Protein chains: 2
Amino acid sequence: MSTVTEDCGLRERKKRETRSAIHRAALDLVEEKGYAAVTTDAIAARAGVSARTFFNYYPSKDAAVLGTRPEDLDQVAARIETQPADETPLDCLRVAILDLLAPSTLDRALRAQRRRVLLGEPALAPAMIGNNIRVENALTAALERRLGVAPGAALEPRLTVAASLAAVRACIEHHHGSSGGRDGRDLNASIERAFDLLAAGLR
Amino acid sequence: MSTVTEDCGLRERKKRETRSAIHRAALDLVEEKGYAAVTTDAIAARAGVSARTFFNYYPSKDAAVLGTRPEDLDQVAARIETQPADETPLDCLRVAILDLLAPSTLDRALRAQRRRVLLGEPALAPAMIGNNIRVENALTAALERRLGVAPGAALEPRLTVAASLAAVRACIEHHHGSSGGRDGRDLNASIERAFDLLAAGLR
DNA sequence: CTGCAAAGTTGCAGAGACTGCAAGTTCGGC
DNA sequence: GCCGAACTTGCAGTCTCTGCAACTTTGCAG
């Protein structure tokens, strides 16, 4: 039931390892040379697999660098549904999203590197946002379940999710502009503030 | 000064025509066969230019189908800055964005086709959103000018823009799900409603 | 109208992302 | 130990996109 390591045959473990190796290789290389200068062949080579196998694990170069894992989505969706009943939808989302940004299943160094690379490579923005579509759908579905409305019946859940994710992106972008300071604290503070603004109503 | 047709040498006119021909060819073909089944070669051929020239006009297949024009951005930015001074930022954005969705410089049929294709092809979502980044930056800059704050100084402008665009996307997505009905009216109504919700504060 | 420079077009060669297919290889259970 | 299922791999091929070096067209001045 834990989100960490289940289903431990040798086979399954190897798959996890390979998947992680590819992700780490991608991250290392991109940090080293920049996204454009890294080929999928190079990532595969550093990860110790064939070029073809690379694409068995990730459908694209983007995906390998992002290293998104389906279980993260499940985790955050679960978080939404298990929040206290008196929390507003927006507050559920705040908690869930902040959780998603700091997944405890990745070790500290990797997390930091991931953040560094993703924020530092504008070329990855489309991919990140493409990923956001999936996140948005998952969160919307979770929120609809929590509220007990049929999928797609009401506009509000989707709107709330979209606005929340946009807020997070805006904060990231904002920080990216004023690029000084240690990222973690300030960014979280901005996000809290953004959620407050959304709750109070925009002008 | 009009946004329509300026700078009319033969050369300039031909360029506009070619650009438009490529866009229309892309739209036609994608509607006909689906995005994945259309090659840049085919688009170029139908538009009557070489494969290489295609890429002189658009940097990617996506871009050709989207057919985004820089002057649209200028137009919408101008709209923001020339709104009455007592409008809230959010209301400026509402007006400007609704404008952007129905650019009067494209004829009716083309506009309709564009909307049909863009909404009908999930494969284009990343491109659309990628495009949104540019839109977001332009709108943020315009709003900052309107408010007289330095670029990147405050979080609010960017947050407001991001939330607004996200709201529009959410409405589109929402409509995409409940796919019945004539698109135009309902969508606009949803968007109005979404802006009202943003103004009132999300829960 | 003519000749010249700038702008635009084209083909070509090539790099790189990605896919389907048909072997091989390894794992898990019996 | 052995068999089927799951994985990996190489290969051949398609498609997007780029730089480069001709070639053609346009705008313009004389």
Side-chain angles (χ1 to χ4, degrees), chain A residues 5-23 25-27 29-30 32-68 121-127 130-131, chain B residues 5-23 25-27 29-30 32-68 121-127 130-131:
Chain A
T5 324
E6 193 79 15
D7 205 346
C8 264
L10 182 101
R11 198 164 221 153
E12 205 62 25
R13 189 165 63 249
K14 266 197 161 182
K15 260 171 67 174
R16 275 177 222 271
E17 268 165 25
T18 302
R19 190 175 186 76
S20 161
I22 293 174
H23 176 48
L27 234 34
L29 283 170
V30 169
E32 222 169 89
K33 314 187 175 187
Y35 181 77
V38 171
T39 68
T40 55
D41 283 16
I43 298 173
R46 176 166 306 198
V49 296
S50 76
R52 189 60 185 82
T53 297
F54 173 94
F55 287 104
N56 287 340
Y57 280 88
Y58 292 99
S60 67
K61 194 166 92 166
D62 292 349
V65 179
L66 284 189
T68 313
E121 278 285 352
L124 284 171
N131 181 49
Chain B
T5 323
E6 192 81 15
D7 207 345
C8 263
L10 178 92
R11 201 168 212 141
E12 206 61 27
R13 190 165 62 248
K14 267 196 161 182
K15 259 171 70 175
R16 275 176 223 270
E17 268 165 27
T18 303
R19 192 176 184 75
S20 163
I22 294 175
H23 176 46
L27 233 35
L29 283 170
V30 168
E32 222 169 88
K33 313 187 175 187
Y35 180 78
V38 172
T39 68
T40 56
D41 283 17
I43 297 173
R46 175 166 306 198
V49 297
S50 76
R52 189 62 186 80
T53 297
F54 174 94
F55 287 104
N56 287 341
Y57 280 88
Y58 292 99
S60 67
K61 191 166 93 166
D62 292 348
V65 180
L66 282 189
T68 313
E121 279 284 353
L124 284 171
N131 181 49

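Just so we're on the same page: letters track the sequence lines, and every chain starts at 1. None of the values given here were measured: they were computed from a predicted structure.
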Bounds of contact between DNA chain C and chain B, in 5' to 3' order, using a heavy-atom cut-off under 4.0 Å: C:dA6 to C:dC12
Minimal non-hydrogen separation, A:His23 against A:Val65, with atom names: CE1-O, 2.9 Å
Of B:Lys14 and B:Lys61, the one whose closest DNA chain D nucleotide lies more 5': B:Lys61
Leading and trailing nucleotides of DNA chain D with any atom under 4.0 Å from heavy atoms of chain A: D:dA5 to D:dC11
Nearest heavy-atom neighbours spanning A:Thr68 and A:Arg19: O-NH2, 3.8 Å
Nearest-0.5 Å distance that lies between atom NZ in A:Lys33 and atom OG1 in A:Thr39: 8.0 Å
Residues from residues 52-59 of chain A lying under 4.0 Å of DNA chain C - heavy atoms: A:Arg52, A:Phe55, A:Pro59
Residues in side-chain contact (heavy atoms from CB on, under 4.5 Å) contact with B:Ala64, at least two apart in sequence or another chain: B:Ile22, B:Ala26, B:Phe54, B:Tyr58
Salt bridge (charged side-chain N to carboxylate O under 4.0 Å, His left out) contacts in which one or both residues fall within residues 40-52 of chain B, not counting sequence neighbours: B:Glu32-B:Arg46
Heavy-atom closest contact (B:Tyr35 atom, B:Ala123 atom, distance): CD2-CB, 4.0 Å
Comparing B:Lys15 and B:Ala51 on DNA chain C - which has the more 5′ nearest nucleotide: B:Lys15
Shortest non-hydrogen contact from B:Ala51 toward B:Ala44: CA-CB, 3.9 Å
Heavy-atom closest pair, residues B:Ile43 and B:Val38: CG1-CG1, 3.6 Å
Of residues 35-48 of chain B, the positions that come close to DNA chain C - non-hydrogen atoms, cut-off under 4.0 Å: none
